[in-house]
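This report concerns only the one structure given below.
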Amino acid sequence: MQLDSRIPEGPIDKAWDNHRFNLKLVNPANKRKYSVIVVGTGLAGAAAAASLAELGYHVKNFCISDSPRRAHSIAAQGGINAAKNYPNDGDSIYRLFYDTVKGGDYRAREANVYRLAQVSNNIIDQCVAQGVPFAREYSGLLANRSFGGAQVSRTFYARGQTGQQLLLGAYSALMRQVQLGNVSMYPRMEMLDLVVVDGHARGIVTRDMVSGRIESHAAHAVCLATGGYSNVFFLSTNAMPCNVTAAFRAYKRGALFANPCYTQIHPTCIPVAGEHQSKLTLMSESLRNDGRVWVPKEHGDKRHPTDIPEGERDYYLERRYPSFGNLVPRDVASRAAKAVCDEGRGVGATGLAVYLDFADAIKRDGRAAIEARYGNLFHMYHKITGEDPYSVPMRIFPAPHYTMGGLWVDYNLMSTVPGLFVLGEANFSDHGANRLGASALMQGLADGYFVIPYTIGGYLSQIKGGPVDTSAPEFKASEQFVNERLNKLLSIKGKQTVDGIHKKLGRIMWDNCGMSRQADGLKKAIEEIPKLREEFWNDVSVIGTQGEFNQVLERAGRVADFLEFGEMMCRDALAREESCGGHFREEHQTPENEAKRDDEKFTHVAAWEYKGDDEVPTRHTESLEFNYVKLTQRSYK
């Protein structure tokens, strides 16, 4: 299979403008003849649904929660990047492009990343116009702060709730279109299959999560904006409903899955507290602007942090990376935290934590200033841990967070299934092997507001408009598949809980395909996961019935997909014999324990093709060419 990325020719700074001009257009009067399904109502989904409806397309928007306001996008607290250069500190579109390519360890397409940087400034203007309450300087200008992987201040923020405020902006635009009748909203609906007719995506099959009703929905194109898959680890910073099912259904219908092993471990999370914990809580990376990360110099030092004098503390990020200090990228900070804990210098009851200390910042700027920047984050930490971060350091430890892998898409955000577009975290396109902080919100809104409205028109202009329905036999076959799968889950009548098996999978994934990987562990996981999958299909207990509100059945379907997807993740990690970004193979590291790439063999995207339930998927590659950024060993020292 030849993967055509459809990257425009010509200078990179002109590529997107030229491409937009050359795309075929749909006449404004004809747009109302086309319908588009958008699955997901986070930043990418809500922005896309609102923008496409504003253009005149009829949009069906599917929400897995009771309201788009509950999308996981609200958890991105710290900020959103843009190359406005308001602080006049040397930022530019090209520098944002360069930092993003470098931060992804040179495993992303240059053209996609440059476009992301190019439209970043438009995003800020759009959101200000929507009333997003970004922080401002005394002068009234929008404020900026720094984030990991950059030496300029380019991150716009709304205190510690940026994602929530951006989502409310997109939500307001979306609900305006709902009120006008241009968007049909379907809350509490989960996509369980993609319908492909004559080789083109033509609809989806859903389950009403309240009534259990199975429905088919047809459209001229389908957009997936369904987020990431970190819940494959069971414990992650993701919201509990986050899952891989929609993307995995599309994968089984012909969409290639790219770089599934690229997962991000966020260094600033509240540590695990016990065996019965259901998820982990993210503390924003923005805290590393003012908080200093340290551990005791001596192994096993269990004194209270305020009793450990300055000379007996190791500010290890500042020591190892003097240029970037506490604002190194997430993969670097996470591995460094793991290393000091492995040495026996971790803190807290488990020894799996490091300190994030604000004493110096409070002394320098005053408590009121720190409270103004991070007050809600400090309040959240206090509520969860019972500790006051104004008087004692926070305890943090890395945890599964964002996923850079996703369905393969070309420059137009279209997958290998014509008519299936993939937006935001659900695609693989912009972050390479590691996402810089404050870039997730940027990609979601860029895809939804400023990319898909152009590129989907290029596709729709080549197909006939007019009414679409679910009469094609492929819809009935898909509904039958969904019903049979649900009934099979309900018929097992085993003894193990869904969450119990999910925890077992999470432990296999974290131990063998988590913060670090090595060949023997990955091979072990590839052997263990099919056994666990067999255990699931023979001994899981799924109570209740199909035709009712049944959260156990919902979770069972998602875990069933994770049990297949996790194996593919491990195969991808095993095949990539290098370290890059968040993919750290212990066999491939520098003498300083940094990631060591193999550019000769692995400067490519790995895209997996489904070959059958009992078959090993086929690995395809898309070569990555770097004409504007020189491939170098990534360094933040």
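Side chains included, hydrogens not; waters and symmetry mates left out as well; all remaining heavy atoms used.
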* Structure fact -> Looking only at heavy atoms, the pair that brings L420 and A250 closest together is CD2-CB, 3.8 Å
* Asked: Hey, is R330 close enough to E285 for a salt bridge, meaning N to O under 4.0 Å?
  -> yes
* To do: Could you tell me whether D125 and K84 have a side-chain N and a carboxylate O separated by less than 4.0 Å?
  => yes
* Asked: Is the side chain of T41 donor-acceptor paired with the backbone N or O of G45 at a distance under 3.5 Å, no angle test?
  -> no
* Any cation-pi pair here, R597 with F602, using under 6.0 Å and within 45°? -> no
* **Beyond-backbone contact of T281 with Y381, side-chain heavy atoms, under 4.5 angstrom** => no
* **Point-to-point distance, once rounded to the nearest 0.5 Å, from CG of D357 to CZ of R395** => 13.5 Å
* **Heavy-atom check, side chain of N427 versus side chain of D447, under 4.5 Å** => yes
* Evaluation steps, salt bridge (charged side-chain N to carboxylate O under 4.0 Å, His left out), between D365 and R373 -> CA-CA 11 Å; D365 298 334; R373 292 173 201 156; 3.3 Å; yes
* **Full working for ring pair (Phe, Tyr, Trp, His ring centres under 6.0 Å) between F358 and Y390** => CA-CA 7 Å; F358 292 86; Y390 291 105; 8.4 Å; no
* Asked: Does E592 come within less than 4.0 Å of R320, counting only side-chain N to carboxylate O?
  -> no
* To do: Kindly indicate whether the side chain of R576, heavy atoms from C-beta on, has any atom under 4.5 Å from the side chain of N259.
  => yes
* Asked: For G42 and A71, which heavy atoms make the closest approach, and how far apart are they?
  -> CA-CB, 3.4 Å
* **Check against ring pair (Phe, Tyr, Trp, His ring centres under 6.0 Å), H431 and Y262** => CA-CA 10 Å; H431 306 298; Y262 285 171; over 10 Å; no
* To do: Would you please say whether a donor-acceptor pair under 3.5 Å links the side chains of S153 and S146?
  => yes
* **Y411 six-ring face occupied by R6 cation (under 6.0 Å, within 45°)** => no
* To do: Using atom types as modelled and distance alone, determine if a side-chain donor or acceptor of N289 lies under 3.5 Å from a backbone N or O of L287.
  => no
* Asked: So does K363 have more than 12 non-hydrogen atoms from other groups sitting under 6.0 Å from NZ?
  -> no
* To do: Might you confirm whether atom NZ of K279 has over 12 heavy atoms from other residues, nucleotides or ligands at distances under 6.0 Å?
  => yes
* Asked: So, for D599 and R107, which heavy atoms are closest and what is the spacing to 0.1 Å?
  -> OD1-NH2, 2.9 Å
* Asked: Do Y106 and T632 meet the criterion of a side-chain donor-acceptor pair at a distance under 3.5 Å?
  -> yes
* To do: Report the distance from atom OG of S461 to atom CG of L23, rounding to the nearest 0.5 Å.
  => 8.0 Å
* Asked: Are any of the side-chain nitrogens in R154 or D99 under 4.0 Å away from the carboxylate oxygens of its partner?
  -> yes
* From L413 atom CG to F421 atom CZ, the distance as rounded to the nearest 0.5 Å -> 8.0 Å
* Asked: Rounded to the nearest 0.5 Å, how far apart are CG of N81 and OG of S120?
  -> 8.0 Å
* Kindly indicate, with the supporting measurements, whether the criterion salt bridge (charged side-chain N to carboxylate O under 4.0 Å, His left out) is fulfilled by E54 and R176. => CA-CA 9 Å; E54 185 81 41; R176 175 174 177 269; 3.0 Å; yes
* **L317 side, atom CG; R288 side, atom CZ - distance, nearest 0.5 Å** => 7.0 Å
* Yes or no on ring pair (Phe, Tyr, Trp, His ring centres under 6.0 Å) for Y98 and Y628, after CA distance, side-chain angles and deciding distance? -> CA-CA 9 Å; Y98 173 82; Y628 294 87; over 10 Å; no
* May I have the step-by-step check of side chain to side chain donor-acceptor pair (under 3.5 Å) for W294 and E318, ending in yes or no? => CA-CA 9 Å; W294 65 275; E318 298 172 27; over 6 Å; no
* **Side-chain donor/acceptor of H583 to backbone N/O of E578, under 3.5 Å** => yes
* **Closest heavy-atom pair and its distance - G79, T155** => CA-CG2, 3.5 Å
* Taking S236 for the side chain and F233 for the main chain, is one N or O donor matched with an acceptor at less than 3.5 Å? -> no
* side chain to side chain contact (heavy atoms under 4.5 Å, CB included) evaluation trace for S5 with R109 -> CA-CA 9 Å; S5 60; R109 283 194 204 124; 3.5 Å; yes
* Verify side chain to side chain contact (heavy atoms under 4.5 Å, CB included) between I123 and M442, making sure each step is shown before the conclusion. => CA-CA 8 Å; I123 297 170; M442 179 170 59; 4.2 Å; yes
* Does a side-chain heavy-atom distance below 4.5 Å link H58 with Y34? -> no
* To do: Using the ring of Y636 (Phe, Tyr or Trp, six-membered ring only), decide whether K102 places NZ or CZ under 6.0 Å from its centre and within 45 degrees of its axis.
  => yes
* Are there more than 12 heavy atoms of other residues, nucleotides or ligands under 6.0 Å from atom OH of Y94? -> yes
* Asked: Backbone N or O of I74 within a donor-acceptor pair of the Q161 side chain at under 3.5 Å?
  -> no
* Evaluation steps, side chain to side chain contact (heavy atoms under 4.5 Å, CB included), between S284 and Y157 -> CA-CA 11 Å; S284 170; Y157 62 98; over 6 Å; no
* To do: Might you point out which heavy atoms bring G228 and T403 nearest each other, and give the distance in Å?
  => CA-OG1, 3.2 Å
* Asked: Do F584 and M515 touch side chain to side chain, with heavy atoms closer than 4.5 Å?
  -> no
* Min side-chain heavy-atom separation V128-V132 under 4.5 Å -> no
* Centre of Y315's six-membered ring, under 6.0 Å away, within 45 degrees of the axis: is that where NZ or CZ of R292 sits? -> yes
* What closest approach, in Å, do L3 and L256 show between heavy atoms, and which atom pair accounts for it? -> CD2-CD2, 3.7 Å
* Side chain H401, main chain I265, donor-acceptor under 3.5 Å -> no
* Asked: Ignoring hydrogens and geometry, is there a side-chain-to-backbone donor-acceptor pair from Q264 to N434 under 3.5 Å?
  -> no
* V178 versus L180: any side-chain heavy-atom pair under 4.5 Å? -> no
* **M175 side chain reached by Y171 side chain, heavy atoms, under 4.5 Å** => yes
* Asked: How long is the span from the CD atom in Q77 to the CE atom in M283, to the nearest 0.5 Å?
  -> 6.5 Å
* Go through R364 and D360 one step at a time and tell me if the salt bridge (charged side-chain N to carboxylate O under 4.0 Å, His left out) criterion holds. => CA-CA 6 Å; R364 180 186 67 237; D360 286 351; over 6 Å; no
* Run the side chain to side chain contact (heavy atoms under 4.5 Å, CB included) check on S286 and L377 step by step: do they pass? -> CA-CA 10 Å; S286 63; L377 298 173; 4.0 Å; yes
* Is the shortest side-chain N to carboxylate O distance from R145 to D290 below 4.0 Å? -> no
* To do: Quick one: do D331 and R634 satisfy salt bridge (charged side-chain N to carboxylate O under 4.0 Å, His left out)? Show the steps, please.
  => CA-CA 12 Å; D331 61 322; R634 195 165 56 126; 2.4 Å; yes
